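Report on one structure; see the data block that follows.
Note that this is a predicted model, so its numbers are computed, not measured. In listed order, ligands and their atoms are each counted from 1.
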Amino acid sequence: MEGLSLRSRRIGWPMAAVVLTAAVLLVMLPQVSSIRYIVGSNMGGWAPNVNFTIWAQDKHFYNGDWLYFVYDRNQMNVLEVNKTDFDSCNSDHPLQNWTTGAGRDVVPLNITKTYYFISGKGFCYGGVKVAIHVENLPPPPASLPQKSDSPSLLLSTFRGQVFIPTLFAAAALWDAFILRL
Ligand SMILES: *[C@@H]1O[C@H](CO)[C@@H](O)[C@H](O)[C@H]1NC(C)=O
Ligand SMILES: *[C@@H]1O[C@H](CO)[C@@H](O)[C@H](O)[C@H]1NC(C)=O
Ligand SMILES: *[C@@H]1O[C@H](CO)[C@@H](O)[C@H](O)[C@H]1NC(C)=O
Ligand SMILES: *[C@@H]1O[C@H](CO)[C@@H](O)[C@H](O)[C@H]1NC(C)=O
């Protein structure tokens, strides 16, 4: 106990910084769990003249995430099709019609596969189409307790762990650094 208090006095502010960072990350965790992506966000939404390949290319979609299509309900719609119909912009036999009529459609990505979405009414030909490759979450590290019994819990546990070990590593580094002074 004596050693511990001596140590915490010597590493005063870095430890406080680490604790603060940990607190901030913990607060952020619920938002990191299932991610809801606005399709074409910052580019105009589900609309013509948006390159959805570019929009999707830097993102990792995991089973449990969501897509949110925001668009002009008088023009576009949201149809899930197979790859053949995606490539040819054929909207005659969608696998699923996600259009609700409000111009605000939510699609759960709850299957690990590549989803293909197009807008009918001719807009697919203008580029209103997106392929979304949904991956399984990598298994969480075995050393950490698996308290998850639902996909979203698993997700938040896993994505939280991306940050937490880094945090511990940073704390250990600070310790090593300060104690060597
Ligand atoms: C979107 O961007 C990609 C990568 O730059 C390009 O290969 C593709 O042709 C573009 N698609 C459209 C419809 O402009
Ligand atoms: C997509 O659906 C069409 C029509 O139902 C079918 O002809 C085609 O073979 C399907 N393509 C794939 C990749 O499943
Ligand atoms: C999709 O569903 C919407 C709302 O129910 C409906 O108005 C529309 O006609 C459907 N579109 C297709 C292509 O099935
Ligand atoms: C995925 O979500 C849809 C819509 O909520 C639901 O109908 C379907 O059963 C779900 N599929 C799986 C594999 O959970």
Min N/O separation Thr100 to ligand 3 under 3.5 Å: no
Polar contact flag for Thr53 and ligand 1 (N/O pairs, less than 3.5 Å): no
For ligand 4, the residues whose heavy atoms come within less than 4.0 Å (ordered by chain, then number): Pro108, Asn110
Ring geometry between Tyr37 and Trp55 (parallel below 30°, tilted from 30 to 60°, perpendicular above 60°): perpendicular
Aromatic ring pairing Tyr116/Phe86, orientation class (parallel under 30°, perpendicular over 60°, tilted between): tilted
Under 3.5 Å: donor-acceptor pair, side chain of Thr99, backbone of Val78: yes
Sidechain-backbone polar pair: Ser119 side chain, Val128 backbone, donor-acceptor under 3.5 Å: no
With sequence neighbours excluded, residues passing side-chain hydrogen bond (donor to acceptor under 3.5 Å, both in side chains) with Asn49: none
Step-by-step side-chain contact (heavy atoms from CB on, under 4.5 Å) determination, Lys113 to Val134: CA-CA 5 Å; Lys113 66 170 185 180; Val134 176; 5.7 Å; no
Residues Glu80 and Lys129 bridged, charged N to O under 4.0 Å: no
